[in-house]
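Worksheet: the structure to be examined is printed underneath.
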There are 2 protein chains.
Amino acid sequence: MKTVTISDVATHAKVSKSTVSHYLNRRYDSMRENTKQRIEEAIETLGYQPNIVARSLKLKSTRSIGVIVANILHNFTTEVVRAIEDACISSDYHTIICNADDDPLKEKHYIEMLRAKQVDGLIIFPTGNNRDLYQQMLNARYPVVFLDRTVEDISIPSILLDNLQASKLAVEHFVEQGYRRIGIITTSIINHITPRIERIKGYEKAMSEQGLPIIDNYVRTSKSTDIQQAMADLLKLDEPPQAILAGNDLVLIEILKYVKQHGLRIPEDLAVIGIDDVSFASFYTPAITTIAQPTFEIGKRGAEALLKKINQKDVEDYGNFRFEPELKIRDSV
Amino acid sequence: MKTVTISDVATHAKVSKSTVSHYLNRRYDSMRENTKQRIEEAIETLGYQPNIVARSLKLKSTRSIGVIVANILHNFTTEVVRAIEDACISSDYHTIICNADDDPLKEKHYIEMLRAKQVDGLIIFPTGNNRDLYQQMLNARYPVVFLDRTVEDISIPSILLDNLQASKLAVEHFVEQGYRRIGIITTSIINHITPRIERIKGYEKAMSEQGLPIIDNYVRTSKSTDIQQAMADLLKLDEPPQAILAGNDLVLIEILKYVKQHGLRIPEDLAVIGIDDVSFASFYTPAITTIAQPTFEIGKRGAEALLKKINQKDVEDYGNFRFEPELKIRDSV
DNA sequence: CTGAAAGCGCTTACAG
DNA sequence: CTGAAAGCGCTTACAG
């Protein structure tokens, strides 16, 4: 089966390629009804399908964007990506998702690959360690927006959570419920990942505001696989925390595993709040109090910001945009 | 900033485009060292990046495949997609994911769109209601493989679970634990979705084999939003089931919500097994006994099958391939 | 060992 | 109202 091209249609309809192309692009302004019908019929009988690759080459636009996420394992990421896809599809853009797996090298590879594929723009959850590349895209006025994270001194706008507020909501709720010894666990901050750094900062700030001491031992950062150990260390303290804020969904899960394994009761033995509204929060026993991010809005806003950049070059940037977190009170504190 | 093309590199290096192209494609066989270096240097100083769209047009291969899932909300789907992406990336193929949202019209749209984008092949979780299109692709020898579902009389090979066995494992385990009144709930089967049909069939077969009566009332199929109601109906029966098999992750979640809301105890009041090993199964209270699908292997196998078809046209099909489910015994039965 | 030329399948400014 | 021609950025068979 030979592929049928615009030339075949032209021949069959006895018109030129130009006319067929006009037809395809709905420039009917001054096209004779009869011509139109002949083309229609030719397309129908030949089963013609336009070749978008050829079109893209000529138009220098693929109508697709790339999304490079830092780590697809987070529930947050999955939901945001879905929102991005929805928003793009409804503007007739396609989306290519790549998972950098927290690895700056992979991120670099994907950025280059996607640009070679001529995507019209990029949404990146930056690993943070490709500053030169980021800057280069900025200089080239290539449309990029960051999501979930910022990169210091790189003026690419970012859409993210008000992380200070997220921690504040949690700490305040703990305090309201009578807790004073409050800890926080996040995953590793060696790469200066924005949300983790800010959530810790927010926790410390909120503790101070509540007139509570900031105890270094109560603040743990460790990679996923070491969180069980972090829990053990924490609870071994002379005065162990009575409440713990989980920095994200993965941390929360590790905490719940630990709690179950050691037969602890929530909230009697340990109160828990998780940042990120995990799927099972509402029907877990006990139902988990969480700080929810508006994942859908974040993704939507990210896509809109990028599409705007793509379609009206040199739109001024409004800097970062922060969404407000929401406390969902359930039974774990 | 003008985009720099292969011509620019050629000019700068004082060679022809052909030579640069040879260089880019690593055909160094008989290229003078000096030429090589000049090209290298030109690429470096100009910051040249190849345009893959142009390349694809010429080569008639985009080195990307399309994946159209029926419904991205299933955890199964997410995991399989991830496995597909991994397998593709390691063969240097890109992946474009589309979510048909259980809608045959959307599916049709995506199939056409992706083919217009010249993807080299398609992995489809078929909605089942685009038979003409499926057949047409088959006739055109366009590389396609189905995942998770089959379509009757369309001889596109499918990779899926041994669903009969999945139900059998569950029923047998219930019976072993002393349960006799066993029900099953799946989502809607009006569209003849393979796994749902087969899981019900498997349930009925296994019940018979165990010498247990098949009670029509114990078999419920309803859309996600009506499952709470189905539970209510089930438990209102004179002789309500004491054990329930959840047809997939979404059904399980609805059941758990119902159970929590109505203060039932698992497994004392109701034993539960879920098909699909949900993320929270192990640390839920009680931990949920599940039938796990080898999602990673399924995705990997699907990608490999497709890539094989793409790279050696006319490879003979081996028909459907079924993976074995695994019973993960925990505390919910 | 390297280059000129044709062609992949489109679009569009321009001419008539 | 429609068409001839040039061009998007590559690749490759062929020639020298």
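Owing to the predicted nature of the structure, the values given are computational and were not obtained by experimental measurement. Residue numbers begin at 1 in each chain, while the letters A, B, ... track the order of the sequences.
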Name the pairs: protein N/O against N/O of nucleotides 4-7 of chain D, kept only if under 3.5 Å.
from: D/dA4; atom 1: N7; to: A/S18; atom 2: OG; distance (Å): 3.3
from: D/dA4; atom 1: N6; to: A/S18; atom 2: OG; distance (Å): 2.6
from: D/dG7; atom 1: N2; to: A/K58; atom 2: NZ; distance (Å): 3.4
from: D/dG7; atom 1: N3; to: A/K58; atom 2: NZ; distance (Å): 3.2

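Using the Watson-Crick or G-U wobble rule with both distances under 3.5 Å, D/dA13 pairs with nothing in any strand shown.
Look at A/R55 and you'll find a side-chain N or O under 4.0 angstrom from OP1 or OP2 of C/dT11. Between B/S56 and C/dC8, a side-chain N or O to OP1/OP2 separation shorter than 4.0 Å is absent. A sub-4.0 Å separation between OP1 or OP2 of D/dT11 and a side-chain N or O of B/S21 is present. Within the structure, every side-chain polar atom (N or O) of A/T5 is placed at least 4.0 Å from both OP1 and OP2 of C/dG9. Between D/dT11 and B/Y23, no contact under 4.0 Å exists linking OP1 or OP2 to a side-chain N or O. An OP1 or OP2 oxygen of D/dG9 is reached within less than 4.0 angstrom by a side-chain nitrogen or oxygen of B/T3. When the side-chain nitrogen and oxygen atoms of A/N25 are compared with OP1 and OP2 of C/dT11, one or more of them lie within a distance under 4.0 Å.
Between B/E304 and B/K308, no side-chain nitrogen of the basic residue sits less than 4.0 Å from a carboxylate oxygen of the acidic one, so the salt-bridge criterion is not met. Using a 4.0 Å cut-off between charged side-chain N and carboxylate O, A/E40 and A/K36 make no salt bridge.
B/L57 has its CG atom 11 Å from the C1' atom of D/dT11, to the nearest Å. Atom-to-atom, CG of B/N51 to P of D/dC10 comes out at 5 Å; the value is rounded to the nearest Å. The CG atom of B/L24 sits 11 Å away from the P atom of D/dT12 (whole-angstrom rounding). Rounded to an integer number of Å, the gap from A/Y48 OH to C/dG9 P is 10 Å. Rounded to whole angstrom, the span from the CD atom of A/Q49 across to the P atom of C/dG9 amounts to 14 Å. The separation between A/D8 atom CG and C/dG9 atom P is 9 Å, rounded to whole Å.
Along DNA chain C, the nucleotide nearest to B/K60 and the one nearest to B/R32 differ in position, and the one closer to the 5' end is contacted by B/R32.
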Contacts under 3.5 angstrom, residues 4-14 of chain A side chains, donor-acceptor by atom type, not counting sequence neighbours:
from: A/T5; atom 1: OG1; to: A/S7; atom 2: N; distance (Å): 3.1
from: A/D8; atom 1: OD2; to: A/T5; atom 2: N; distance (Å): 2.8
from: A/T11; atom 1: OG1; to: A/S7; atom 2: O; distance (Å): 2.8

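Nucleic acid contact for A/V15: sugar-phosphate only, since backbone atoms but no base atoms lie under 4.0 Å from a heavy atom of the residue. Residue contacts shown for A/I52 are absent, as no nucleic acid heavy atom lies under 4.0 Å away.
Near DNA chain D, defined here as any heavy-atom distance below 4.0 Å, there are no residues from residues 38-47 of chain A.
The cationic group of A/R82 does not satisfy the cation-pi geometry with A/F296, failing either the under 6.0 Å distance to the six-membered ring centre or the 45° limit from the ring axis. Judged by the 6.0 Å and 45° rule, A/R301 forms a cation-pi pair with A/F321.
Residues A/S61 and A/D120 have side chains that bring a donor and an acceptor to within less than 3.5 angstrom of each other.
Atoms CZ and CG, on A/R115 and B/N51 in that order, are 11.5 Å from each other to the nearest 0.5 Å.
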